[in-house]
Amino acid sequence: MNAQQTRILVVDDEQPIRKLLRAGLSTQGYAIIDAPNGRTALAEMTNDAPDLVVLDLGLPDIPGQDLLKRWRTEGSTVPIVILSSRTDEAGIVEALDLGADDYVTKPFGVNELIARIRVALRHRLQQQGEKPVFQTGALSVDLVRRIVKVEGQEVKLSPKEYDILRALVQHAGKVLTHNFLMKQVWGEVQDVQYLRVYVRQLRQKIEPDPEQPHYIRTETGVGYRLREAD
């Protein structure tokens, strides 16, 4: 998707933030649509759906989570990047579980948001054609033959470790919540400590330094994010 053809709906009740995002995103070639509240956002989505939505959770009329739930229930697959306060971990987790693609916390840097937008757009385009071999740095995962290598050497993973890594690979660059990963691997939500134990074991096998992860990054209070493909 070419940035010059990409329309982004910015939904935020704070005019300075909308102004900041319009200026910052416009320099990247994106076309920006403003919505100061939930009602305007609903109208914009109905009239002419954008290519991506930047959505503030703390709107004055309709909670961002309610907008998100409505759009996903109606079948919209438009990528949605959440804006949230740094202390609202519960709201972030809820939004991600409802179908948001990613998030940034306020205060944020425009460059950070642009990076999240690019990942969300790229991931949505790639969903129809999953690549058989994933490569990032020295880590490679063959999704067809179920072979994992680090520095060209095969690494033996347990079935659960592989299932966790596969889920992360399929959504590389995106944060996955604890609940999402547990449902993917166990089919239901378990004690999050089970997940942490397996992620710790996985890091021991694939990370250059498990204490300072390079590939599987922790999103505190939310979940995990795998480094993007090269």
Side-chain angles (χ1 to χ4, degrees), residues 1-14 16-35 41 45 49-59 64-65 67-68 71-72 76-127 134 136-137 167-178 180-181 213-230:
M1 184 177 296
N2 188 301
Q4 293 182 345
Q5 300 173 333
T6 302
R7 299 167 62 251
I8 296 179
L9 173 61
V10 174
V11 188
D12 196 297
D13 63 317
E14 298 182 56
I17 289 183
R18 296 200 307 278
K19 183 177 180 180
L20 170 68
L21 294 185
R22 176 176 288 277
L25 297 178
S26 294
T27 63
Q28 302 299 308
Y30 297 115
I32 308 304
I33 310 159
D34 282 355
M45 287 287 282
D51 297 299
L52 181 138
V53 178
V54 175
L55 176 64
D56 180 27
L57 293 181
L59 298 173
Q65 288 95 332
L67 290 175
L68 177 57
W71 291 331
R72 292 300 186 235
S76 173
T77 60
V78 171
I80 298 175
V81 177
I82 295 298
L83 295 180
S84 178
S85 67
R86 196 173 297 278
T87 58
D88 188 20
E89 289 179 359
I92 291 169
V93 170
E94 181 184 3
L96 291 168
D97 284 337
L98 285 170
D101 291 76
D102 214 325
Y103 75 96
V104 294
T105 53
K106 298 178 180 179
F108 60 88
V110 173
N111 287 340
E112 178 188 6
L113 177 59
I114 289 171
R116 296 286 186 258
I117 286 171
R118 287 174 175 164
V119 168
L121 290 169
R122 184 160 56 247
H123 182 263
R124 195 52 58 100
L125 287 175
Q126 291 173 345
Q127 280 185 319
F134 172 86
T136 180
L168 288 165
V169 164
Q170 290 174 322
H171 301 274
K174 291 179 56 181
V175 61
L176 302 184
T177 67
H178 298 129
F180 178 88
L181 279 168
H214 179 66
Y215 299 119
I216 303 176
R217 300 163 183 169
T218 298
E219 296 281 336
T220 304
V222 178
Y224 299 98
R225 185 194 304 268
L226 182 69
R227 177 179 146 172
E228 284 187 76
D230 294 338

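Between the Asp56 side chain and the Val11 main chain, no donor and acceptor come within less than 3.5 Å of each other. Checking side-chain atoms of Ser26 against main-chain N and O of Ala23 turns up no donor-acceptor pair under 3.5 Å. Counting only distance, with no hydrogens or angles, the side chain of Arg7 and the backbone of Ala49 share a donor-acceptor pair below 3.5 Å.
By the salt bridge (Lys or Arg N to Asp or Glu O under 4.0 Å) test, Lys19 pairs with no residue at all, sequence neighbours left out. Qualifying salt bridge (Lys or Arg N to Asp or Glu O under 4.0 Å) partners for Asp102, counting only residues two or more places apart in sequence or in other chains: Arg116, Arg225. With sequence neighbours left out, the ring pair (Phe, Tyr, Trp, His ring centres under 6.0 Å) criterion links Tyr224 to His178. The ring pair (Phe, Tyr, Trp, His ring centres under 6.0 Å) test applied to Phe108 returns no partner, not counting sequence neighbours. Residues passing the salt bridge (Lys or Arg N to Asp or Glu O under 4.0 Å) test with Arg217: none are found, sequence neighbours excluded.
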**Report entry** salt bridge (charged side-chain N to carboxylate O under 4.0 Å, His left out) between Glu14 and Lys106, worked out
**Finding:** CA-CA 12 Å; Glu14 298 182 56; Lys106 298 178 180 179; 3.4 Å; yes

Report task. Give the C-alpha distance, both sets of side-chain angles, the deciding distance and a yes or no for side chain to side chain contact (heavy atoms under 4.5 Å, CB included) between Trp71 and Val78. Result -> CA-CA 9 Å; Trp71 291 331; Val78 171; over 6 Å; no

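Residues Gly24 and Val110 come closest through the heavy atom pair CA-CG1, 4.0 Å. Nearest heavy-atom pair, Glu228 versus Gly173, reported as atom, atom and distance to 0.1 Å: CG-CA, 3.6 Å. Residues Gly58 and Asp13 approach most closely at O-OD1, 3.7 Å, considering heavy atoms. Minimum heavy-atom separation, Leu9 to Ala35: CD1-CB, 3.9 Å.
Side-chain contact between Tyr30 and Leu52: absent, with no pair of heavy atoms (C-beta onward) separated by less than 4.5 Å. Side-chain contact between Lys174 and Val119 is present, with heavy atoms from C-beta onward closer than 4.5 Å. In this structure the side chain of Leu25 reaches within 4.5 angstrom of the side chain of Ile117, judged on heavy atoms.
Distance check, rounded to the nearest 0.5 Å: CG of Leu181 to CG of Leu176 gives 5.0 Å. Distance CG/Leu57 to CG/Leu67: 9.5 Å, rounded to 0.5 Å. Atom CG of Leu168 and atom OG1 of Thr136 lie 12.0 Å apart (nearest 0.5 Å). Interatomic distance, Leu21 CG to Ile114 CD1, rounded to the nearest 0.5 Å: 9.0 Å. Atom CG of Leu20 and atom CG of Leu113 lie 9.0 Å apart (nearest 0.5 Å). Here the CG-CZ distance, from Asp230 to Phe134, works out to 7.5 Å after rounding to the nearest 0.5 Å.
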Side chains of residues 87-98: which donor-acceptor pairs under 3.5 Å do they make with residues two or more places apart or in other chains?
{"from": "Asp88", "atom 1": "OD1", "to": "Gly91", "atom 2": "N", "distance (Å)": "3.0"}
{"from": "Asp97", "atom 1": "OD1", "to": "Thr177", "atom 2": "OG1", "distance (Å)": "2.6"}

